[in-house]
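Heavy-atom basis, side chains included; hydrogens, waters and symmetry copies ignored.
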Amino acid sequence: MIGAAREGTQPGPAPAGEFEPKLLTVLREGYGLAALRADALAGLTVAIVALPLSMAIAMASGVGPERGLFTAIVGGFLVSLLGGSRHQIGGPAGAFIVLVSACVMQIGLDGLILATFLSGVLLAAIGRARLGGYVRFIPYPVTVAFSAGIGVIILASQMRDALGLDLGGAEPAAILPKLAALWEARASFTPAAAALTAGTVALIVGLRRFRPGWPGMIIAIALASGAVAALGLPVETIGTRFGALPRLPPMPGLPEISPATLIAALPWAGSFALLGAIESLLSATVADGMTGRRHRPNAELVAQGVANMGSALFGGFCVTGTIARTATNVRAGALSPVSGMLHALWLLGFMVLAAPLAVHVPLAALAGVLIVVAWGMAERTAMIGLMRASRADAAIVLVTFLLVVFRDLVEGIVAGAAIGGAVALRRIAEATRLESAQTPPEDAPAPPGGRGAVAVWHLRGPWFFGTAALLGAVLERIADEPRAFVLDCSGVPFVDSSGLHALERLAARLGRFAADHGVQVYLEPGEAAITQAATLEVTVLDTLWNGRNIAIVDASTEAHMLDLLIYRQSARIEGPTGPHEWMICGKSCLAGDVFGTFQLPAPLRPGDRISFADAAGYTMVKKNWFNGLNMPAIVLLEADGQERVVRAFDYRDYAASLS
């Protein structure tokens with residue numbers, strides 16, 4: 001039965017678990033007071049780290065520090081509430097500093113908020129389209145070089161406040177003009193600002209080494225603020241540049257929208273969405289590696305989309321998963337997404353109670369915080385290792401790094417991924433081989449007219465557009481006047497349209513060759529498999545307990561999915577898994593008539609319908625009548641959800657096949 005829908009315990013076209021927030025999974029598993037205490041402590045720890053970072057990133061991005069807090073509170077809460085990771089912490093990220101500051105300079109703050117909202121729409125659409133899994137195909141050298149490039153940009157962006165320079169105007173966004181402007185302003189160097197920056201960096205690094213459990217960033221900020229107030233140091237503070245901070249986020253709303261503002265914001269929204277998808281899924285993957293869990297990438301992207309829309313509504317900007325804060329959350333003992341939600345509430349409490357104190361925070365100290373962050377993003381060991389690994393990896397790293405630093409973040413990612421893809425295709429093509437052998441097939445007929453040996457050629461490796469050209473040389477390498485030509489494709493795992501076209505051309509040439517020279521041609525298809533084309537729909541006839549749960553269905557592996565017996569494999573059921581283990585067996589009298597053992601979300605009952613995936617192999621069209629099991633009907637699932645029977649079979653079809 002082809003393409004029919006399922007109901008009951010079987011998943012439909014879009015498995016519900018794919019988009020289910022991890023919070024619901026945690027609550028279903030059971031969530032008690034002990035877990036709440038652990039999450040509350042972890043959330044407080046992350047909030048202490050996020051408080052100075054959120055303000056520092058916002059200011060480095062060209063907006064007020066309060067908007068960094070709005071982003072962390074609203075966006076961080078929604079990421080944890082709806083996300084597909086148990087430990088992800090959302091908020092403003094250093095990776096966005098360059099993009100956000102450039103966006104503000106070009107289309108203003110209102111344009112940034114609109115672009116953030118539109119990026120949320122794009123992210124949610126990417127997640128609903130199930131494209132989250134493709135982000136993992138970005139090569140590792142690209143992510144390393146991208147992170148290092150961002151670190152360099154953040155470092156350059158903090159030199160103004162770290163050295164107390166007065167540029168006399170707006171700071172250029174591009175790094176070369178920025179460095180030139182900083183050099184021109186060297187006469188305004190403020191020793192007190194440089195001393196505060198150096199002291200902040202030294203204190204954070206020292207506490208990480210000797211007291212790793214202490215909140216180094218918040219301690220450094222507090223001590224620097226106290227020093228400025230006590231000594232009256234001539235440095236800029238949050239209050240002197242931005243004024244007093246609000247105690248609550250604003251009421252939700254969006255700036256005025258017009259066709260012109262939409263056109264101006266859309267390119268920035270696309271850049272924000274691409275960078276946000278990469279950063280958030282990379283952060284979730286890091287959390288998986290630390291905990292042994294697995295995140296749901298598509299659910300995570302949908303949550304990131306909603307979080308960006310929510311952040312924009314409350315005056316914030318781009319939200320993404322943050323690797324450093326997520327790692328802190330895991331190390332602090334977080335057990336569920338509740339810790340991320342509580343981290344946002346802790347930040348809201350800090351904002352309500354401590355906003356008047358923030359005006360005394362020196363900008364040089366916040367610059368020191370970001371310098372530490374930038375140094376951590378450089379990934380020096382990984383960069384050096386990749387540069388030494390191979391020329392291909394070195395080229396990917398250099399191109400990505402230089403484009404990110406001197407051109408554009410998105411250009412760097414796209415160019416690096418393109419080079420990485422080209423290198424991978426070249427390596428795959430080089431691994432594909434066409435090998436000659438002179439072993440005749442056992443059932444080959446006697447050579448006509450005493451002609452020479454059998455020409456046997458083995459194709460090994462994927463057959464795609466990068467390797468299809470090899471087929472053009474096959475006939476030129478055939479021994480003179482062979483009595484038979486065998487092309488063995490058993491070592492070919494897949495063939496794309498270019499490879500198939502090459503095979504078709506080869507078959508046509510071999511046909512002419514066979515007619516001209518009187519030779520025989522054999523094409524060995526190998527381990528061919530057809531996937532995602534059809535399902536075998538069966539119904540549960542009965543259930544029983546024999547040391548395990550067993551369900552009997554109205555089909556048989558021998559009659560309907562013979563491949564399972566031949567290759568000793570289990571059938572595949574798509575969709576969410578669960579705690580209920582069931583062995584599904586056919587109704588024939590044969591021992592071993594088992595489709596497989598599956599973890600299902602609910603117990604099976606007579607009448608339930610089950611869909612076995614990837615059933616479009618040759619056994620689905622084989623006319624058989626085995627122990628009263630006839631050939632399954634062929635049914636199409638229409639676009640409107642209706643099932644249309646194309647053809648049904650009975651014993652007469654089997655009998656007709658015997659003649």
Side-chain angles (χ1 to χ4, degrees), residues 47 50-75 91-92 96-97 100-101 103-105 107-114 116 157-171 173 185 188 190 192-193 196-197 200 217-218 220-255 311-318 344 347-370:
L51 180 64
L53 271 179
S54 299
M55 293 191 295
I57 290 171
M59 289 187 292
S61 301
V63 298
E66 73 280 2
R67 299 196 181 273
L69 295 176
F70 301 160
T71 303
I73 293 169
V74 178
F96 281 85
I97 287 176
V100 172
S101 60
C103 178
V104 172
M105 291 181 66
I107 60 176
L109 179 59
D110 286 351
L112 169 65
I113 293 174
L114 180 57
T116 300
S157 71
Q158 296 310 298
M159 289 299 100
R160 173 186 178 183
D161 292 330
L163 301 177
L165 300 177
D166 182 8
L167 301 185
E171 184 175 356
S188 61
T190 306
L196 279 176
T197 301
T200 301
M217 291 184 179
I218 201 73
I221 292 293
L223 291 178
S225 302
V228 170
L231 302 176
L233 298 178
V235 295
E236 273 198 290
T237 64
I238 288 179
T240 59
R241 183 177 293 184
F242 299 100
L245 298 186
R247 293 191 172 213
L248 288 172
M251 295 298 292
L254 283 176
S311 174
L313 287 172
F314 285 91
F317 56 100
C318 305
L347 282 175
L348 179 61
F350 292 154
M351 188 174 182
V352 171
L353 298 176
L357 300 178
V359 296
H360 303 294
V361 174
L363 301 185
L366 291 176
V369 169
L370 284 181

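Here the CG-CZ distance, from L248 to F314, works out to 11.0 Å after rounding to the nearest 0.5 Å. For the atom pair CG (D166) and OG1 (T190), the distance works out to 8.5 Å, reported to the nearest 0.5 Å. A distance of 10.0 Å separates CD1 of I113 from SG of C103, quoted to the nearest 0.5 Å. From L370, atom CG reaches atom CG of L53 across 6.5 Å, with rounding to the nearest 0.5 Å. The CD atom of Q158 lies 9.5 Å from the CG atom of L363; values are rounded to the nearest 0.5 Å. A distance of 4.5 Å separates CD1 of I221 from CG of L366, quoted to the nearest 0.5 Å.
For the pair D161/M59, no side-chain contact is recorded, criterion being any heavy-atom separation below 4.5 Å from C-beta on. By the 4.5 Å heavy-atom criterion applied to side chains, I218 and P52 are counted as neighbours. When side chains are defined from C-beta on, L245 counts as touching E66, because their heavy atoms get closer than 4.5 Å.
Taking every heavy atom of both residues into account, P362 and L196 meet most closely at CB-CD1, 4.1 Å. Closest approach of L167 to A185, counting heavy atoms only: CD2-CB, 3.6 Å. The minimum heavy-atom distance linking A220 with T200 is given by the pair CB-CG2, 3.9 Å. Minimum interatomic distance between A193 and A364 (heavy atoms only, all atoms of both residues): O-CB, 3.5 Å.
No donor-acceptor distance shorter than 3.5 angstrom exists from the side chain of T240 to the backbone of E236, with no hydrogens or angles considered. Listed for the S311 side chain is a donor-acceptor partner under 3.5 Å among the backbone atoms of F317.
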